[in-house]
Amino acid sequence: MPLAKHIRLFLALALSFWSVVAVAQNQQQIEIDAYKDSLSIKTGLEKAKAYGEIGYRYRFVNTDSAWHYTRMANDMAIEYKDVNLQSRALMNIGILHLEAGSLVEAEVSLKSALALVDTDKWPRMETYISHNLGAVYEKTGAMDSAIHYSLKALSGYEDAEDTLNIGAMHLNLANQYRVIKEYDLSVAANQKARQMYERVGNGFYLAAIENNLALLNNEFERYEEALVYAKKSLEMFNEIGQRLVTGYSYTNIGVAQKGLGNLDEAEAALKKGLALQQERGDKYEVIFLKMHLADVLNRRGNYAEAASLGIEAYQGAVNDDLLTFQQKTALTLSKIYENQRNYKDALTYMQRSTAAQDSLFMTEKAKEVLKLKEQYETEQKENEILRQRNELIESELTLKRRNNLLIAGGGLVLVLLVVGISLIRVQRLKSERIKNEAALERAITEAKAQENLKEQRIRIARDLHDNIGSQLTYITSITDTTRKGIDKGEVFLAEKLMQMKQFTLVTISELRDTIWAMNKDEISLEDIQERTQQLAATIHDATDDNIRVRTESEPSDKVLNAFVGMNLFRIIQECINNAVKHSETKEVLVSFKDIGNKIEIMVQDFGKGFDTSLQGSGNGLYIMKNRAEKAGIDFNLTSAVGEGTKVELRVG
């Protein structure tokens, strides 16, 4: 698929920030001056609060001044032991970190603020903190946490009847739903935001919504519609004098033009967007635009310029530890070098892209493995130093012994005494060295055992994250929709309850599959066949027998290790689910063959098929290929429009 589908986790938040700048910057300076004038008559906590208000308002005028006054407010809050004032100061510090792109520091400050706040005295503070935590997690790509905190903030704003912030949260949720490919929910959230801002007449947010709709249409590859929305947002931003924010409109114009094959127009729009974002200092958007420009230049054959720009984007992603961008920019560079026939660098960046993708799934358990590895390497270095010291001591003893022999050549008794002492000392050192080597071997054995255990836990954690985490996110979304529509009648509630039941049943099934694999050292081919038949029965029931999943198999005694067997079943499961959801077929055939020392499996539907040159890099297909590659499974997919789809798997 085109690069227009790269995830942009920060657009809605950046637009929200500049909305406040557009509406209130002059007013903020007036309020700052008023608070400064009041400092001379304030003392104690009142003065600390004034510092906090000045720091908060300086965010829209001067960042350095914002930091100065916010830190003064925090220091005084600590001095006077006022937890609510400290919570407010920590929240403002978190917002400043967020706007500076320091996401780890932002998360720490906001979580600390949330832990301190007294919700009885400051009921809305929890809402404000949740709003900003949602923004932090959206930028880091933790979309489950982002949606959780955004929904929490939305509920708080609704209780307070805060129309502007309700609209802002709907905009944020629209972007977050888009990232997890819940496009219907995203469109609905945009529409809710539009209704609210039309009611209050906020031109900036209405322009932002047009831009969001352009982004959504680019995701759907509806480039002509995206172009209309992006140009409309550009016109509206210009009408209200928001020159810098038009950078987002130019980005969507460039992506749409690239999708339509208009490379000259795409390059011009993307360069305008890049210049504006560099002026604004939005380093995330700068990386994103450089990546798209590199892709356009690559398509035009300007490989050297494309590679230079791609390297800048990749290095920016590495410097800021943005794994999603590292994965995407490295993939773009791989394609550029492949077109240059520079296969060595093409392979290097493909490997970096894969490594970044793998890192996106790292858990705290994986970090423990790395920590253990570092400890093991440190022990190795310490033992190497000990070995060198022993060798130096032995050398010194040898030299000393020779000197003693020369000096005391006539004193045989004295020589024998010195030699005896030296031999005892050498033997003691050798014994200690042997003991250290034995301890090191035990440490290595224990480290390997721990690493194997951690790898197994990582695989389990990744499986739970991939399959069960996404289902629970969907259940949360449906629950929230049901709560808001409780007055829509029994038909609506029955439909939502049925959706929750279906997602819950799927989640239970996924969990059973994971437990099933965890409890086995080996998985037989018959186990996989039985699981496939159970899946077929579930689909028959779910579709009222409108879709039939038929299996063909022969008796086999083949067994696979649990990791390969589980990944093989997951690929078969994904193939069947894709056929049921997208192919419009009436029948899916799954055949199992035991041929010599190989197992061959074919999943075939007889539906509408698709053009693999246009749809060959989708997320679902990527996950299946990635599973197959890691498990050593040969994977081949063929499809054509009107001729159905066939996936062939082979494993030894």
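Across T551, D527, I601, a single residue satisfies side-chain contact (heavy atoms from CB on, under 4.5 Å) together with T532, and that is T551. In summary, of the residues considered (I599, L560, L568), a side-chain contact (heavy atoms from CB on, under 4.5 Å) with I633 occurs for L568 alone.
Of the inter-residue distances, the one linking L309 atom CG with L289 atom CG reads 9.5 Å to the nearest 0.5 angstrom. Rounding to the nearest 0.5 angstrom, the gap separating the CD atom in E526 from the CG atom in D594 is 10.5 Å.
Electrostatic pairing of K593 and E554 does not count as a salt bridge here, judged by no charged N lying under 4.0 Å from a carboxylate O.
For residues 597-606, the salt bridge (charged side-chain N to carboxylate O under 4.0 Å, His left out) pairs, not counting sequence neighbours, are E600-R650.
Residues E522 and N561 bring no donor and acceptor atom of their side chains to less than 3.5 Å of each other.
Side-chain contact between I572 and I528 is present, with at least one heavy-atom pair separated by less than 4.5 Å.
Here the side chain of T140 pairs a donor or acceptor atom with the backbone of Y137 at under 3.5 angstrom. At distances below 3.5 Å, at least one donor-acceptor pair connects side-chain atoms of S186 with backbone N or O atoms of A174. Side-chain N or O atoms of N319 include one that pairs as donor or acceptor with a backbone N or O of Q315 at under 3.5 Å. Using a distance-only test at 3.5 Å, with no hydrogens or angles considered, no donor-acceptor pair links the side chain of S334 to the main chain of A330.
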Legend entry - Trace of the side-chain contact (heavy atoms from CB on, under 4.5 Å) decision for R299 with K258: CA-CA 10 Å; R299 296 185 186 195; K258 184 176 70 168; 3.7 Å; yes

Inset, instruction - Decide yes or no on side-chain contact (heavy atoms from CB on, under 4.5 Å) for K625 and L621, but give the supporting numbers first. - result: CA-CA 6 Å; K625 286 183 175 180; L621 179 57; 3.9 Å; yes

Legend entry - CA sep, side-chain torsions, deciding dist, call: D295, N298, side chain to side chain donor-acceptor pair (under 3.5 Å): CA-CA 5 Å; D295 185 50; N298 180 41; 4.6 Å; no

Inset, instruction - I would like to know whether L525 and V559 meet side-chain contact (heavy atoms from CB on, under 4.5 Å); could you show each step before the answer? - result: CA-CA 6 Å; L525 182 59; V559 292; over 6 Å; no

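Here the closest heavy-atom approach between residue E338 and residue Y343 is recorded as O-CE2, 4.1 Å. Closest approach of S639 and T645 over heavy atoms only: OG-OG1, 2.8 Å.
Partners of V641 according to the side chain to side chain contact (heavy atoms under 4.5 Å, CB included) rule, which considers only residues two or more places apart in sequence or in another chain, are D611. With sequence neighbours excluded, the residues that form a ring pair (Phe, Tyr, Trp, His ring centres under 6.0 Å) with Y337 are Y349.
The 12-atom threshold is not exceeded at CD of E629, counting heavy atoms of other residues, nucleotides or ligands nearer than 6.0 Å.
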